2 protein chains.
Amino acid sequence: MTSATVHDEAKARLAHMGQSYTANRRMIVDALIDAGPLTLPELLDRRSELAQSSAYRSLALLTEARVVRRIVHDSDHARFELAEELTGHHHHHLVCNGCGAVVDVELPNELEELLDQSLSAVALRAGFVLGHHDLDVHGICGNCQA
Amino acid sequence: MTSATVHDEAKARLAHMGQSYTANRRMIVDALIDAGPLTLPELLDRRSELAQSSAYRSLALLTEARVVRRIVHDSDHARFELAEELTGHHHHHLVCNGCGAVVDVELPNELEELLDQSLSAVALRAGFVLGHHDLDVHGICGNCQA
DNA sequence: ATTTATGCAAATCGTTTGCAAACCT
DNA sequence: AGGTTTGCAAACGATTTGCATAAAT
């Protein structure tokens with residue numbers, strides 16, 4: 001999916017909520033296209049024109065519009081990434097226990113299908129109505145092994 | 001695994017750090033044996049003798065001793081559960097998007113093996129040294145469907 | 001008696017919010 | 001002008017910490 005398509009879709013999703021795609025909001029989506037999952041400080045480093053509170057507010061709105069997804073692990077800051085529906089790639093996370101960095105990875109389709117089957121069965125048994133699944137793999141990234 | 005065994009193992013792990021298994025710490029482990037994954041307020045509800053700060057401090061220590069594992073999702077409070085090595089059951093989580101409740105579930109061994117294989121390959125490719133994996137399934141629990 | 005654990009109250013820090021100025025259209 | 005978005009500074013709330021008391025050995 002091209003970056004123009006991502007912006008179009010973001011705009012459409014905001015419009016659907018009666019919100020406009022302002023410069024700040026577009027700037028945030030751009031940063032996420034460029035850099036992948038970012039914490040708020042990382043985002044502010046890359047786009048220093050953004051005020052902290054505005055960044056938080058825009059991210060909250062973009063999350064509500066399902067343009068962005070908030071991912072939270074056991075580190076100080078939450079991370080934000082583009083929603084899977086915008087990028088078109090179902091993926092999972094390699095999470096570094098050293099620095100908290102998050103890398104996106106994909107699994108073979110066949111395995112995803114087995115997983116979905118099994119999770120459906122298990123959720124049904126527990127009386128859950130199923131939503132999506134997150135698979136996080138924890139480890140130490142190349143940088144932190146130094 | 002019996003509850004006595006869990007306490008023994010907890011005691012051993014603390015001893016290994018030069019720490020003792022005090023009444024407070026045992027009480028917390030007991031509550032987790034009884035109730036499964038708990039937030040701090042839920043824990044205090046069940047064991048009202050515990051002071052908030054002591055509960056946080058004991059949980060931090062038990063986490064460091066790998067008696068307890070801290071699981072964090074997108075809700076106000078972190079949750080604490082007994083470490084897998086203490087219960088002997090590798091498991092995953094059904095997370096309710098309504099109330100934040102967490103239910104433990106297990107997957108077929110065969111699937112876990114496929115998963116481990118695939119994750120190893122993927123982690124290697126990204127330069128990660130692999131640790132454990134967390135698989136969280138989000139949905140709506142029976143209570144919240146009412 | 002000395003060390004360790006506990007509980008209270010205060011501090012910390014990521015995130016959220018009130019409000020006035022800036023920005024559309 | 002009228003409504004929305006932004007940025008600053010203050011508020012919030014989960015968790016952590018300082019310090020004085022209470023257990024434990």
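Just so it is clear, the model here is predicted, and its values are computed rather than measured.
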Between B:R25 (CZ) and D:dA23 (P), how many Å, whole number? 16 Å
Rounding to an integer number of Å, can you tell me how far B:Y21 OH sits from D:dA24 P? 16 Å
To the nearest angstrom, how far is B:L14 atom CG from C:dT4 atom P? 15 Å
Assess the side chains of B:E81 and B:H91: does a donor N or O sit below 3.5 Å from an acceptor N or O? yes
Does the separation of the ring centres of A:H73 and B:H73 fall below 6.0 angstrom? no
Answer with yes or no after comparing the ring centroid distance for B:H133 and A:H92 against a 6.0 Å cut-off, counting only values under it. no
D:dT5, OP1 or OP2 - any side-chain N/O from A:S58 closer than 4.0 Å? no
Answer with yes or no whether the side chains of B:D134 and A:H138 bring together a donor and an acceptor at under 3.5 Å. yes
Integer-rounded Å distance: D:dT5 P and A:M17 CE: 11 Å
Salt bridge check: are B:D34 and B:R47 linked by an N-O gap of less than 4.0 Å? yes
Decide, yes or no, whether a salt bridge links A:R46 with A:E42 under the criterion of side-chain N to carboxylate O below 4.0 Å. no
To the nearest Å, give me how far apart CG (B:L62) and P (C:dA5) are. 12 Å
Spacing of B:R79 atom CZ relative to D:dA14 atom C1', expressed in whole Å: 14 Å
Reading nucleotides 14-25 of chain C from 5' to 3' and marking B where a protein heavy atom lies under 4.0 Å of the base, S where only the sugar-phosphate is that close, and - otherwise, the string is SBBBBB------
How close or far is atom C1' of D:dT15 from atom CG of A:D74, stated in whole angstroms? 12 Å
Spacing of B:N24 atom CG relative to C:dG7 atom C1', expressed in whole Å: 10 Å
